[in-house]
Amino acid sequence: MIGIEAKMVVREDKREEFLQEVKALIEGTRNEEGNISYTLFESTENKNEFLMLEEWKDEEAVASHNGAPHFVAFVGKAKELLSGPLQAKKFEKNA
């Protein structure tokens with residue numbers, strides 16, 4: 001299993017647009033083959049800071065997701081929605 005955490009800090013003036021775009025991303029992703037979970041969290045300490053926690057069956061599922069139309073569309077809009085680059089870390093389950 002592959003885990004990914006993606007940290008996103010949203011521009012204050014783009015918050016509502018971000019929430020609409022990320023909703024479409026979540027809905028599309030949860031229907032993908034190989035997706036185990038895809039959950040968005042908002043920081044309780046820093047407004048407009050979000051963390052997407054993802055679980056995938058394997059690397060093939062991650063690669064397929066990275067080419068999915070809803071993901072490509074979201075990434076294309078991310079530069080105007082986020083105050084800085086998206087920060088992602090990938091983990092692999094060992095046991």
Side-chain angles (χ1 to χ4, degrees):
M1 181 177 68
I2 305 295
I4 297 174
E5 63 174 42
K7 180 181 171 185
M8 298 169 280
V9 180
V10 178
R11 290 178 37 189
E12 191 170 335
D13 63 324
K14 296 290 186 176
R15 179 183 172 83
E16 291 307 314
E17 186 177 350
F18 167 80
L19 291 172
Q20 289 176 359
E21 295 294 334
V22 81
K23 182 179 179 183
L25 172 64
I26 291 167
E27 289 173 1
T29 300
R30 287 181 177 166
N31 290 318
E32 289 181 46
E33 183 73 28
N35 177 255
I36 298 167
S37 69
Y38 202 77
T39 307
L40 183 69
F41 294 87
E42 183 174 3
S43 173
T44 58
E45 298 174 1
N46 300 310
K47 186 177 177 178
N48 296 322
E49 183 177 308
F50 294 85
L51 184 66
M52 186 72 76
L53 296 180
E54 311 172 27
E55 291 181 298
W56 298 93
K57 178 180 159 189
D58 52 28
E59 285 287 349
E60 184 178 321
V62 174
S64 177
H65 169 66
N66 290 341
H70 49 269
F71 180 75
V72 172
F74 181 81
V75 169
K77 294 179 181 181
K79 287 183 182 178
E80 67 184 62
L81 301 174
L82 304 181
S83 63
L86 182 143
Q87 299 172 13
K89 295 179 184 177
K90 189 187 297 186
F91 302 88
E92 188 170 348
K93 186 173 182 180
N94 286 326

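Positions are given from 1, in the same order as the sequence printed here.
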| request: Following the transitive rule for hydrophobic clusters with a side-chain heavy-atom cut-off under 4.5 Å over Ile, Leu, Val, Met, Phe, Trp and Tyr, establish whether V10 and V75 coincide in one cluster. | output: yes
| query | Do you know the tightest heavy-atom contact between E5 and L51? | reply | CB-CD1, 4.0 Å
| message | Would a single hydrophobic cluster contain both V22 and V9, if residues Ile, Leu, Val, Met, Phe, Trp and Tyr are joined by side-chain heavy-atom contacts under 4.5 Å? | response | no
| request: Any chance you could measure E12, atom CD, to K47, atom NZ, to the nearest 0.5 Å? | output: 5.5 Å
| Atom CD of E33: over 12 foreign heavy atoms under 6.0 Å | no
| said: Do L86 and M52 have side chains that approach each other closer than 4.5 Å (heavy atoms only, starting at C-beta)? | reply: no
| said: If I compare all heavy atoms of E59 with all of I2, which pair ends up nearest, and what's the gap? | reply: OE2-CD1, 3.7 Å
| field | N/O donor-acceptor pair under 3.5 Å between N31 side chain and E27 backbone | value | yes
| task | Write down the atom of N35, the atom of R30, and the distance for their closest heavy-atom approach. | result | OD1-CA, 3.7 Å
| message | So, taking the atom named CZ in R15 and the one named CG in N48, what distance separates them when rounded to the nearest 0.5 Å? | response | 5.0 Å
| task | Decide whether L25 and L40 are clustered together by the hydrophobic rule: side chain heavy atoms of Ile, Leu, Val, Met, Phe, Trp, Tyr closer than 4.5 Å, transitively. | result | yes
| Which is it for F50 and L19 under the side-chain contact (heavy atoms from CB on, under 4.5 Å) test, yes or no, and what are the steps along the way? | CA-CA 10 Å; F50 294 85; L19 291 172; 4.1 Å; yes
| query | Can you list every pair that meets ring pair (Phe, Tyr, Trp, His ring centres under 6.0 Å) and has a residue in residues 71-92, with sequence neighbours left out? | reply | H65-F71
| task | Check whether any side-chain heavy atom of M8 sits under 4.5 Å from a side-chain heavy atom of L81, and report yes or no. | result | no
| request: Quick one: pull up CG in N94 and CE in M1 and give me the separation to the nearest 0.5 Å. | output: 10.5 Å
| query | Who passes side chain to side chain contact (heavy atoms under 4.5 Å, CB included) against S43, sequence neighbours left out? | reply | E45, N46, E49
| Those residues that, when tested against R11, pass side chain to side chain contact (heavy atoms under 4.5 Å, CB included) (two or more places apart) | D13, K14, S83
| query | What is the ring orientation for W56 with Y38, classed by angle as parallel under 30°, tilted 30 to 60°, or perpendicular over 60°? | reply | perpendicular
| request: Could you tell me whether the side chain of E54 reaches within less than 4.5 Å of the side chain of V62, counting heavy atoms only? | output: no
| request: Can you see which heavy atom on A68 is nearest to which on E32, and at what distance? | output: CB-OE2, 4.0 Å
